[in-house]
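For reference, the structure discussed in these notes is given below.
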Amino acid sequence: QLPQYANALLEFDSTVANGTSVEEMFVMRGHVEDWWKAIQEASMPAAAELLYSATDAQLDQFSEQMEKDTQKYVKPYIKLTLDQRRERWAKEYREGMEYFLGRLTPEQKKMIAGFSVRFTPDERPWVEYRRRYGAELIAVVRRRGSFAEFNITFRDMAFNRERWHGEVYQ
């Protein structure tokens with residue numbers, strides 16, 4: 001999968017160098033989603049066996065590391081005021097769009113500024129989702145049921161994470 005993914009990214013990079021259409025962006029999104037599913041499929045057997053074999057101490061470490069990673073992600077945002085967070089979102093969004101579309105027009109920059117006023121920060125709901133999902137995953141391993149049962153549950157969790165999303169993401 002990796003060679004196909006790398007080649008497609010190179011092609012996509014050359015396509016977007018001179019700007020791209022919304023349709024092309026949706027096509028690329030579809031490719032990325034398909035690759036992600038293929039990567040998940042390929043990694044599931046090994047991940048399931050390793051998680052199933054995890055000791056209680058390893059599960060404690062998993063939980064601690066997940067929390068550290070979560071806090072690291074939200075740290076740059078959590079202390080910002082709403083206006084500061086919206087400004088940062090607009091900057092990051094503009095930079096992301098310029099990466100794909102090239103230089104934005106003044107009208108497009110105004111559009112992003114307008115979107116930013118309506119932006120609702122989602123760090124806290126994301127943290128809550130991540131904690132719910134991680135706690136459930138650890139609980140499933142700690143049940144120490146059969147591997148077949150765990151494998152089915154783990155696979156279901158991996159491919160249906162939205163069940164742990166809160167109201168913000170529904």
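Residues passing the side-chain contact (heavy atoms from CB on, under 4.5 Å) test with Arg155, sequence neighbours excluded: Glu41, Met44, Phe159.
Annotation: side chain of Phe154 is not in contact with side chain of Val140 (no heavy-atom distance under 4.5 Å). Two residues are said to be in side-chain contact when any heavy atoms from C-beta on lie closer than 4.5 Å; Glu95 and Lys91 meet this criterion. Counting only heavy atoms from C-beta outward, the side chains of Arg86 and Leu82 approach each other to under 4.5 Å. Taking 4.5 Å as the limit, every side-chain heavy atom of Val141 sits out of range of all side-chain heavy atoms of Phe62. Contact of the Leu104 side chain with the Ile112 side chain is registered, since non-hydrogen atoms from C-beta on lie closer than 4.5 Å.
The heavy-atom pair separating Arg144 from Asp56 by the smallest distance is NH2-OD1, 2.9 Å. Ala48 and Asn151 get closest at one heavy-atom pair: CB-OD1, 3.3 Å. Closest approach of Ile138 and Leu59 over heavy atoms only: CD1-O, 3.9 Å. The two residues Phe115 and Trp89 make their nearest non-hydrogen contact at CB-CH2, 3.8 Å.
Distance check: Glu33 CD to Phe26 CZ gives 10.0 Å after rounding to the nearest 0.5 Å. To the nearest 0.5 Å, the span separating NZ on Lys75 from CD on Glu123 amounts to 15.0 Å. Atom CG of Leu51 is separated from atom CD of Glu49 by 11.0 Å, given to the nearest 0.5 angstrom. Taking CD1 of Ile152 as the start and OG of Ser146 as the end, the distance is 7.5 Å to the nearest 0.5 Å. Separating the CG atom in Asp69 from the CD atom in Glu64 is a distance of 12.0 Å, to the nearest 0.5 Å.
Salt-bridge formation is detected for the pair Arg131/Glu67: a Lys NZ or Arg NE/NH1/NH2 atom is positioned less than 4.0 Å from an Asp or Glu carboxylate oxygen. The residues Glu87 and Arg94 are annotated as not salt-bridged, no charged nitrogen and carboxylate oxygen being separated by less than 4.0 angstrom. We find that Arg88 and Glu92 are joined by a salt bridge, their nearest charged nitrogen and carboxylate oxygen being less than 4.0 Å apart. Arg29 and Asp34 are not joined by a salt bridge, as no carboxylate oxygen comes within less than 4.0 angstrom of a charged side-chain nitrogen. In summary, Arg143 and Glu149 do not engage in a salt bridge, as defined by a charged side-chain N under 4.0 Å from a carboxylate O.
Judged by a 6.0 Å distance limit and a 45° cone about the ring axis, Arg85 is not positioned over the six-membered ring of Phe119. A cation-pi arrangement is present between Arg161 and Tyr133, with the terminal nitrogen or guanidinium carbon under 6.0 Å from the aromatic centre and inside a 45° cone about the axis.
Although no hydrogens or angles enter the test, the distance criterion places a donor-acceptor pair under 3.5 Å between the side chain of Gln58 and the main chain of Thr55. Distance alone, capped at 3.5 Å, is enough to place a donor-acceptor pair between the Gln40 side chain and the Ala158 backbone. A donor-acceptor pair under 3.5 Å is formed between the side chain of Asn160 and the backbone N or O of Asp156. No donor-acceptor pair closer than 3.5 Å links the side chain of Tyr129 to the backbone N or O of Trp164. The backbone N or O of Asp60 sits nowhere less than 3.5 Å from a side-chain atom of Ser63 that would complete a donor-acceptor pair. At least one donor-acceptor pair under 3.5 Å links the side chain of Gln108 to the backbone N or O of Thr105.
Listed by first and then second residue, the salt bridge (charged side-chain N to carboxylate O under 4.0 Å, His left out) pairs that reach into residues 101-118 come to none, sequence neighbours excluded.
Between Trp35 and His31, the two ring planes are parallel [angle under 30°; tilted spans 30° to 60°]. A tilted orientation is assigned to the rings of Trp126 and Tyr73, their planes being inclined by 30° to 60°.
With hydrogens and angles left out, the side-chain atoms of Arg130 and Thr70 include a donor and acceptor closer than 3.5 Å.
By the 6.0 Å contact criterion, CZ on Arg132 is enclosed, its count of non-hydrogen atoms from other residues, nucleotides or ligands being greater than 12.
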